[in-house]
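Taking it in order: structure first as structure tokens, then the write-up.
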Amino acid sequence: MMSSAIKPPAPAERFTQILSVGIGGSALGPQFVAEALAPDNPPLKIRFIDNTDPAGIDHQIAQLGPELATTLVIVISKSGGTPETRNGLLEVQKAFREAGLEFAKQGVAITQENSLLDNTARIEGWLARFPMFDWVGGRTSEMSAVGLLPAALQGIDIKEMLAGAALMDEANRTTVVKNNPAALLALCWYWATDGIGSKDMVVLPYKDSLLLFSRYLQQLVMESLGKEFDLDGNRVNQGISVYGNKGSTDQHAYIQQLREGVNNFFVTFIEVLRDRPPGHDWELEPGVTCGDYLFGMLHGTRSALYANDRESISVTVQEVTPRSVGALVALYERAVGIYASLVNINAYHQPGVEAGKKAAGEVLALQKRVLAVLNEASCKEPVEPLTLEEVADRCHASEDIEMIFKIIAHMAANDRAIIAEGSCGSPRSIKVFLGECNVDELYA
Ligand SMILES: O=P(O)(O)OC[C@H]1O[C@](O)(CO)[C@@H](O)[C@@H]1O
């Protein structure tokens, strides 16, 4: 990539679209950068599968239609074992098989060497594999192959992104705090939130192309700073909540509450000085352009909030370019690191996420037991529809009866279980069985 060997294709070359499969730090940076910087008619248009929602995946694949044949699929996962990403890959591979296409010729993996994904891509002979390094965190991977490969293929100048990030890093190396942008930002967060996350960070870029900045920052800040224990093992429940969208759009949504409601936030205004590329501006009323209105809205809101004791930070960039976006990414990555040091926590792990993943695994394991019990009862002659209590008893999981109900309701909604009596609106009334008896199938 750095040698510029990777270029977007010329028209009528082999690929026309990119389908990126990844989640969290393996999706949010590329999504933000595509929205911020991709040209209006990129050489390769990018779309994302970033969830294990089957309908969402179907929607992306349906929208590709016959262009699946000319779609480069980039599967991104640092660990190479994230279930949502694995499921997205399996769904896409199924779509390729059904279309009579060979996935390996169009698949690219970005992952740590020897991960499950890396080994799959190697054994199946995918088009290419790009390494992710252990020391690059998922949420700080935008400037690695994770962000740079999709960006380069969309015709975005990745050398300029890196140059912007490098300039910002340079500025952040000074030990003179008032000249160090990341240290200043981190100190502002500390000041605004009393160093305990007492207020939320509302991120408001006044520029449509920066719409996804707040989503990107949400993971960067909250997954890094939201920690139960500090580095000395004290329970601290640290973190700063992040939300936002864009101005002035949000002025017509929730700014009313920010100005007059509960004072539990600070705003970060992202101001972009250049409204349009040179030579395209015009005055829609004497002396005033459309961009002047945006400028007025930003500064009007900022003053109105200030007048009511609501604090804000303003970050100003000249224009939205690969260089300024690279600089913004580096600024926030460093500010998060510095803030973590200020409050004595580890910004670079995420133990809390593991709890949810483990619990999801337990739900799926319970579902297999429920299926085994229902299968046995459904294979009887005549079929034996079971109540919730009966299913729970036979699963030896009476304490999980609510979860068993959820599992059955989900299966019934997807035609994988049949409600013989009662309705899901009144759980104790239902009797359930499977439409088919799968004698040969081993569910447990
Ligand atoms: O890149 P991976 O390993 O698939 O992980 C995806 C995301 O999952 C997390 O581990 C937990 O949400 C994030 O830190 C990470 O960005």
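All ligand and atom numbering here is 1-based and tracks the order in the structure. Quick caveat, the model's predicted, so the values are computed rather than measured.
Close approach to Gln219 involves these atoms of ligand 1, each under 4.0 Å from a residue heavy atom: 13 (C), 14 (O), 15 (C), 16 (O). Residue Ile23 has at least one heavy-atom neighbour below 4.0 Å for each of these atoms of ligand 1: 6 (C), 7 (C). Proximity to Glu223 (heavy-atom distance under 4.0 Å) selects the following atoms of ligand 1: 11 (C), 12 (O), 13 (C), 14 (O). Less than 4.0 angstrom separates some heavy atom of Gly25 from each of these atoms of ligand 1: 15 (C), 16 (O). When each atom of ligand 1 is checked for a heavy atom of Arg139 under 4.0 Å away, the hits are 14 (O).
Protein heavy atom nearest atom 2 (P) of ligand 1, with residue, atom name and distance: Thr82 OG1, 3.3 Å. Among all non-hydrogen protein atoms, the one lying nearest atom 10 (O) of ligand 1 is Lys357 NZ, 3.9 Å.
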Take Phe213 and Tyr332, measure what ring-ring contact (aromatic ring centres under 6.0 Å, His included) needs, and give me the verdict at the end.
CA-CA 11 Å; Phe213 194 42; Tyr332 275 83; 5.3 Å; yes
Report the C-alpha separation of Phe266 and Trp191 in whole Å, then their side-chain angles, then the decisive distance to 0.1 Å, and conclude whether the ring-ring contact (aromatic ring centres under 6.0 Å, His included) test is met.
CA-CA 10 Å; Phe266 65 100; Trp191 165 267; over 10 Å; no
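The pair Arg173-Glu170 meets the salt-bridge criterion, with a side-chain N (NZ, NE, NH1 or NH2) lying under 4.0 Å from an Asp/Glu carboxylate O.
Counting heavy atoms of neighbouring residues, nucleotides and ligands inside a 6.0 Å radius, atom CD of Glu402 does not exceed 12 of them. Heavy-atom neighbours of Tyr306 OH from other residues, nucleotides or ligands within 6.0 Å: at or below the threshold of 12.
Under 4.0 angstrom from ligand 1, the non-hydrogen atoms of Gln350 all belong to its side chain.
Remark: the backbone N or O of Lys159 is paired with a side-chain donor or acceptor of Asp157 at under 3.5 angstrom.
Geometrically, ligand 1 and Thr85 share no nitrogen or oxygen pair separated by less than 3.5 Å.
Looking at Gln318 and Arg274, their side chains never bring a donor and an acceptor atom within 3.5 Å of each other.
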